[in-house]
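Lettering follows sequence order; numbering is per chain, from 1.
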Protein chains: 2
Amino acid sequence: MREVAALAGVSLKTVSRVVNREPNVSPSVRERVERAAAKLDYRHNLAASNLRKAHGRTGSLGALVQDISNSFSSSVLRGIENAARDRGLALVAASLDEDADREMSLVRDLVTRRVDGLIMMPSSDRQDYLASELRAGLPMVFIDRPPTGIDCDYVVVDNVRGGRLATEHLLAAGHRRIAVVADDEHIYTAAGRRAGFAEAYAARGLSPDPALIVSGLRNEAAGLAAVDALLRLADPPTAIFASRNTLCVAAVRALARCGLQRSVALVGFDDFPLADVIEPGLTVIGQDTSRIAEKVAELLFARLDGSTARPHHVILPPTLIVRGSGEIPPPASR
Amino acid sequence: MREVAALAGVSLKTVSRVVNREPNVSPSVRERVERAAAKLDYRHNLAASNLRKAHGRTGSLGALVQDISNSFSSSVLRGIENAARDRGLALVAASLDEDADREMSLVRDLVTRRVDGLIMMPSSDRQDYLASELRAGLPMVFIDRPPTGIDCDYVVVDNVRGGRLATEHLLAAGHRRIAVVADDEHIYTAAGRRAGFAEAYAARGLSPDPALIVSGLRNEAAGLAAVDALLRLADPPTAIFASRNTLCVAAVRALARCGLQRSVALVGFDDFPLADVIEPGLTVIGQDTSRIAEKVAELLFARLDGSTARPHHVILPPTLIVRGSGEIPPPASR
DNA sequence: TCCCCGTTAGACAACGTTGTCGCTTGGTGT
DNA sequence: ACACCAAGCGACAACGTTGTCTAACGGGGA
């Protein structure tokens, strides 16, 4: 900037005025400065600019999702990107992979980078460590799982209701031996979906067979093994509720491997691309990712605009998407 | 920092020393400073720090992909994230959506933010506008499509070979009426794949029916309509080569809608999750996204470390992944 | 006792900007 | 001819840090 000023024969401040399109610069000076800037390949430095003026605002948002390459994460991320773009905010994105340490170190890094707001699908059990940032006024919205240990905005889906919806759907079709394949029970979403499953049984005065409930499945491979084992039981399940997208894929694979994809009913949680083209089409409990992203952006932007209202807790309803796999009847009624 | 210094009864510089773990600070002073920092919720400001010391380095990378929510984009992005994390670099990510204006404005923004390096799947026809950044030493690696108008590092897949591979596979099975559904011909990848298609025909001394070649398909809906129309021809294709992942999905949907998924062969370009579980399994030309990301990171990091070697052009071989849909024979030979 | 030296800490300027204020210029009204 | 005013531009300090240089201190050797 100093060099541009020298070349244009003006002061630093005048270059700044031109760069920021401030008024009170004569057209001739403006043009001289612009020519000098072009000749010298001058590029405005946003970091320095923000340091001086925006009282520390950087025009960037931190977004911590479970896994950028997972379709749920990346859909939500994309929705947030769209909203952020309308506001001229850049997105610093990273994956957490259910790793609490990674969450803490990434948050620390983002805070140090002075992101204007934080969006996170948490991995850790408690987020007390964020209390000071919250007090300091860092806008913060949680997705998919509510915070524990602090109170801040969040947007989640009604997992209990989703689990109940899935289970009721299968019970209504006559299934009585419904298996559940789920992630670690200490994960909020997994616990909720499982609770919904139990509720649905209870509502009919029935009780599920505990032997058919498998949790602690951290990845697709574990899910595959679990479903395989279930299908080999002496009295195997007639239906499966897969409580997360990768586990649902695992179930699809396991069923196909045994040639049972048309005999055992399957309902998944989380919709994903191609769920409608596999055969039979996958019946799932869908989460509206674009609505989630929209809500998250709405809450975050309100905070950015200075809202100090008490935290909003948005709980979106999941929907049952019927496509075929969930409508396979139990053998007895065939 | 000033407040921390005051509370600890030391100078600014000493706080800086403690924060940066510099030597020559007595344990007692160190502890006093740390306590003061904790009490005041002090957070180091990376932007200011970098402004002063790193000669402008921000410890961040810009990554512009076609669409964060697309499986190809997000897989590559995830690979780059992993590599960036090992180096302590943050990733600023955004989607281009085949929009040249958006590309230019996002690049401008990233430059202004002083990212240390730029990774991009370009949308524009020419990237001359980046010449000055390149001269200025901004490390830059292109993915998926090589740059035009400038010469810099890039990592692409051999699209011609991929197109030929797909087509040869179908020709070898006896198909002679192979349709192509493709994106705009001016897109590098689309053109290459189409050229590979033509090459395969030529190698056998055959020539394709131009009526079966449809390009300019920008999205899934367009692909769906195109495949529908192809199937309704008086003399319809016996096989389809879908030259991009969303078009392949479109083809799958269109075929399923007509109940032809087991009669018309299909080979896609780009692998994606679930391609193996649909029926019949999708035969595709696969790109190794993690290898792409690895290579990109390798090239970019070499530049970050000061390499001024002339640009590397990495062309990775695609592979044919046989799963069933591409092995459906033409009606005549059945 | 004195001097030297290593350790520890502070003063000051600088990184690339912009907010504030003040100065010069030239035109307007009387 | 004079006061007055707005437009146009520059000097200076500040944003939150850190590199450089220097000063104070205390301990050990002669």
Mind checking A/H44 for me? I need base, sugar-phosphate or nothing, with any heavy atom below 4.0 Å counting as a touch.
sugar-phosphate
Using the side chain to side chain contact (heavy atoms under 4.5 Å, CB included) criterion, which residues pair with A/L130? Sequence neighbours excluded.
A/V107, A/L118, A/M120, A/Q127, A/E133, A/M140, A/F142, A/I150
Output the distance between atom CG (A/D116) and atom CZ (A/F301), rounded to the nearest 0.5 Å.
10.5 Å
Picking from D/dG16, D/dT18, C/dT18, which would you name as closest to the side chain of A/K53?
C/dT18
Once you round it to whole Å, what is the distance between C1' of C/dT18 and CZ of A/R21?
16 Å
Between A/K295 and A/D288, does any NZ, NE, NH1 or NH2 come within less than 4.0 Å of an OD or OE carboxylate oxygen?
no
Side-chain donor or acceptor of A/N70 paired with backbone N/O of A/F72 under 3.5 Å
yes
With a 4.0 Å cut-off on heavy atoms, is B/N24 in touch with a base, just the backbone sugar-phosphate, or nothing at all?
base
Specify the separation, in whole Å, of atom CG of A/N45 and atom C1' of C/dC15.
9 Å
Can you list, in residue-number order, the parts of residues 5-20 of chain A that come under 4.0 Å of DNA chain C, counting heavy atoms only?
A/L12, A/K13, A/S16, A/N20
Among C/dT17, D/dT18, D/dG16, find the nucleotide with the atom closest to the side chain of B/R2.
D/dG16
Looking only at atom types and distance, does a side-chain atom of B/D67 sit under 3.5 Å from a main-chain N or O of B/D97, one as donor and one as acceptor?
no
Side chain of A/S49 only, heavy atoms from C-beta on: which candidate in D/dC9, C/dT17, C/dA13 is closest?
C/dT17
For B/E3, answer base if it contacts any base atom (sugar-phosphate contacts may also be present), sugar-phosphate if it contacts only those atoms, and nothing otherwise; contact means non-hydrogen atoms under 4.0 Å.
nothing
Test item: B/R113 side-chain N/O and B/T58 main-chain N/O as donor-acceptor pair under 3.5 Å:
no
Without decimals, in angstroms, what is the distance between A/H55 NE2 and C/dG19 P?
13 Å
If you take any heavy atom closer than 4.0 Å to DNA chain C, which residues from residues 109-118 of chain B end up in contact?
none
Rounded to the Å, how far apart are A/N50 CG and D/dT17 P?
15 Å
Whether B/R244 and B/D270 form a salt bridge (side-chain N of Lys/Arg under 4.0 Å from carboxylate O of Asp/Glu) is what I want to check.
no
Without decimals, in angstroms, what is the distance between A/E22 CD and C/dG19 C1'?
9 Å
From CZ of B/R52 across to C1' of D/dT18 the rounded distance in Å is 5 Å
Length of the CZ-C1' vector between A/R43 and C/dG16, whole Å
16 Å
Quick one: label B/R30 by what it contacts on the DNA or RNA (base, sugar-phosphate, nothing), any heavy atom closer than 4.0 Å.
nothing
Short side-chain N/O contact from A/S26 to OP1 or OP2 of D/dC9, under 4.0 Å
yes
Distance-only, no hydrogens or angles: does the B/R303 side chain make a donor-acceptor pair with backbone N or O of B/A309 under 3.5 Å?
yes
Is there a donor-acceptor contact under 3.5 Å from the side chain of B/R17 to the main chain of B/L12?
no
Are any side-chain N or O atoms of A/E103 and backbone N or O atoms of A/L96, one a donor and one an acceptor, separated by less than 3.5 Å?
no
